[in-house]
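Below: one structure, written as structure tokens.
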Amino acid sequence: MRALWSFIAYFEEIAAGTFLVLMSLATFGNVILRYAFNSPIQWAEEFSRYAFIWVVFLGAAACSKRKSHIAIDALTLLAPPRFRQFLATVVHGVVLVLTGAVAYFGWVLCRLATQATSTLNIPQYVVYLVVPFSAVLIFVHTMIDLYGDLKARAAGRAA
Amino acid sequence: MLWLFGVMLGLFAIGTPIAWSMLFASGAYMVLGPGIPLHGMVQRMIGGIDTFPLLAIPFFILAGNLMNTGGITDRLLTFARTLVGHITGGLAHVAVVGNMIMAGMSGSGVADAAGTGSVLLPAMERAGYGRGFTAAIVGAASTIGPIIPPSLPFVIYGSIANASIGRLLLAGAIPGVLMGIMLMIFVYIIARRRGYPSERRAAWPELGRATLRALPPLGMPVIILGGIIGGIMTPTEAASAGAAYAFILGFFVYKELSLRDLGKVIRDSALSTAAIAIIISAAQPFGWVLTLVQAPQTLFAFFQTLQLSQWQLYAILNVLFLIVGCFMEGIAVLVMAIPVIMPLILQAGIDPVHFGVVYTVNSMIGTITPPVGMIMYVVCALGKVSIQEFTREVWPFLIALTLALALVTYIPWLAMWLPDLLLPAR
């Protein structure tokens with residue numbers, strides 16, 4: 001049970017890491033196959049490219065959870081704590097609107113992208129699905145953060 | 001059109017992650033301006049990272065992290081100490097030379113700063129160097145990381161500016177060494193004035209042993225560059241071979257990499273990759289919106305009226321980017337500014353490869369200038385140094401690196417000789 005919970009809690013980074021390993025194996029494996037055995041895999045490059053897309057978007061969700069996205073915090077650090085708290089709430093609101101839109105329109109894009117890819121021959125939306133999926137994950141993480149903000153504000157007012 | 005930038009810069013200022021700021025501003029423009037359906041934005045986000053050359057990013061990051069945990073960084077620093085430790089200001093020179101050697105294996109300045117910093121910062125403090133000075137020189141030396149190949153920014157620049165990544169990588173080699181020499185000159189002067197210590201000179205057998213121990217890791221640049229120059233591998237494939245080599249060394253040869261470490265390395269690499277690549281992804285719709293509002297054309301027309309020579313254009317761009325670099329993160333500037341100014345560069349008859357080297361050296365200086373600088377953050381956190389202390393000590397090194405930048409800018413031969421020799425443009 002605990003293993004299951006920690007799998008859910010760390011799902012994004014486990015998945016992103018797995019795709020990173022897979023794309024490394026596909027790219028490097030293909031070099032070996034080409035030179036040592038003279039028989040490269042045709043779909044290796046396409047597979048690595050798609051795996052990279054999954055690494056990036058799932059990883060972006062994990063970065064949201066860990067707050068490790070690259071941002072400029074030099075200015076907000078100068079603000080008084082109360083105001084900084086307010087700005088953080090604004091940022092969370094912006095991210096909610098954005099990821100909501102990306103989730104919805106990502107889904108729209110997936111419904112449109114039914115063509116097959118060139119060498120793997122899978123429907124395009126299989127690759128694109130990671131975008132709405134990750135956007136939903138980021139939306140959820142941000143909701144949790146926003147709830148934290150509001151609770152902290154309420155606690156601040158009570159004190 | 002101006003409110004587009006206003007929204008984005010405003011979001012930057014209140015601490016919104018850079019990628020989300022760019023996406024929010026572009027999305028808002030697409031909806032409120034010409035009313036373009038947003039699934040086009042999502043498609044461009046995916047398209048922005050769906051290119052094979054960019055896959056070198058995770059591989060370079062993976063290689064760097066594997067070297068730091070697999071005991072390779074330690075061996076290289078020991079090697080550097082036997083080489084230059086006996087010069088006045090010994091360990092500070094070790095920081096420079098160690099980083100130059102590391103630069104030949106890793107493509108990321110931040111990874112180098114973390115790797116060399118965690119070893120050198122405590123060692124230098126024990127030897128009596130000031131903490132601020134230590135953080136400053138390790139930070140300044142880490143900026144060489146992406147200049148000497150392999151290099152993350154060159155890969156990103158090459159794929160955005162449509163310049164040969166192989167030629168870019170080679171073009172960085174001599175400028176990177178030049179930056180190191182400049183730093184060592186300034187270190188020597190400061191060390192003489194402050195009476196910093198030197199290490200005991202290594203005896204010949206000691207030097208021999210350290211060289212032998214450092215030899216296997218030094219095979220890495222040979223694999224990467226040899227693979228690219230020889231036309232055996234694409235830069236992306238060479239990067240994956242580099243990561244595989246670092247893994248083999250750390251796991252099978254040195255046996256310092258446990259399975260547990262490996263899991264952490266993979267996770268950290270995936271997260272760093274995402275943090276960088278999501279900005280590149282977000283830059284794609286943003287760049288598209290910029291062309292919709294004709295930003296590159298406007299800028300182009302404006303510069304055309306100025307009638308600048310190459311020399312003046314370089315001077316203006318360098319000063320501009322140095323200022324912007326103080327406040328902005330380098331990759332964000334790269335992905336936003338390069339598509340806009342590229343027409344200008346080509347029209348002035350500047351080789352995009354040379355400009356790429358100049359721009360990258362410039363942006364690396366930005367990583368150690370306050371208030372915003374990724375390498376500065378890393379070394380300050382590792383060394384428990386305040387930004388103020390760091391700033392007080394870093395300025396001589398900023399001068400050294402800016403001098404190197406000027407030389408690289410105005411003596412194009414420094415950058416272009418090696419690629420022209422080994423990988424002539426078709």
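Letters A, B, ... are given to chains in the order of the sequence lines, protein chains preceding strands, and every chain is numbered from 1. None of these values were measured; they are calculated from a predicted model.
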Closest contact, heavy atoms only, [X] versus [Y]:
| X | Y | result |
| --- | --- | --- |
| V91(A) | P17(B) | CG1-CD, 4.2 Å |
| F105(A) | H39(B) | O-CB, 3.5 Å |
| A13(B) | T76(A) | O-CG2, 3.7 Å |
| I70(A) | A275(B) | CD1-O, 3.9 Å |
| A71(A) | G15(B) | CB-O, 3.7 Å |
| R49(A) | L55(B) | N-CD2, 3.9 Å |

What part of [X] gets closer than 4.5 Å to chain A, counting heavy atoms only: side chain, backbone, both or neither?
| X | value |
| --- | --- |
| S21(B) | neither |
| A243(B) | neither |
| L62(B) | side chain |
| L11(B) | side chain |
| F59(B) | side chain |
| F247(B) | neither |

Chain B heavy atoms under 4.5 Å from [X]: which part of the residue, side chain, backbone, both or neither?
| X | value |
| --- | --- |
| A101(A) | side chain |
| L112(A) | side chain |
| R66(A) | side chain |
| T99(A) | neither |
| I138(A) | side chain |

Evaluate the side-chain contact (heavy atoms from CB on, under 4.5 Å) criterion for residues V97(A) and F24(B): first the C-alpha distance (whole Å), next the side-chain angles of each, then the deciding distance (0.1 Å), finally the verdict. CA-CA 9 Å; V97(A) 173; F24(B) 191 88; 4.0 Å; yes
Taking C-beta and beyond as the side chain, do [X] and [Y] meet within less than 4.5 Å on heavy atoms?
| X | Y | value |
| --- | --- | --- |
| V102(A) | L38(B) | no |
| T273(B) | F52(A) | yes |
| Y128(A) | Q43(B) | yes |
| T27(A) | F52(B) | yes |

Test your reading of the model: is there a side-chain donor-acceptor pair from Y35(A) to the backbone of I232(B), 3.5 Å cut-off?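 Pair found, side chain donor or acceptor close to backbone of I232(B).
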Between L87(A), V55(A), V131(A), V94(A), who has the most heavy-atom pairs with chain B when the cutoff is under 4.5 Å? V94(A)
Between OG on residue S24(A) and CD1 on residue I266(B), distance to nearest 0.5 Å: 8.0 Å
Of all residues at least two apart in sequence or in a different chain, which pass the side-chain contact (heavy atoms from CB on, under 4.5 Å) check with P123(A)?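 Result, side-chain contact (heavy atoms from CB on, under 4.5 Å) vs P123(A): Y125(A), V126(A).
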Begin with the C-alpha distance, continue with both residues' side-chain angles, and end with the deciding distance and a verdict on ring pair (Phe, Tyr, Trp, His ring centres under 6.0 Å) for H69(A) and W20(B). CA-CA 10 Å; H69(A) 272 294; W20(B) 306 156; 5.0 Å; yes
Please determine, among L54(B), D268(B), V372(B), V31(B), the option with the most heavy-atom pairs under 4.5 Å with chain A. L54(B)
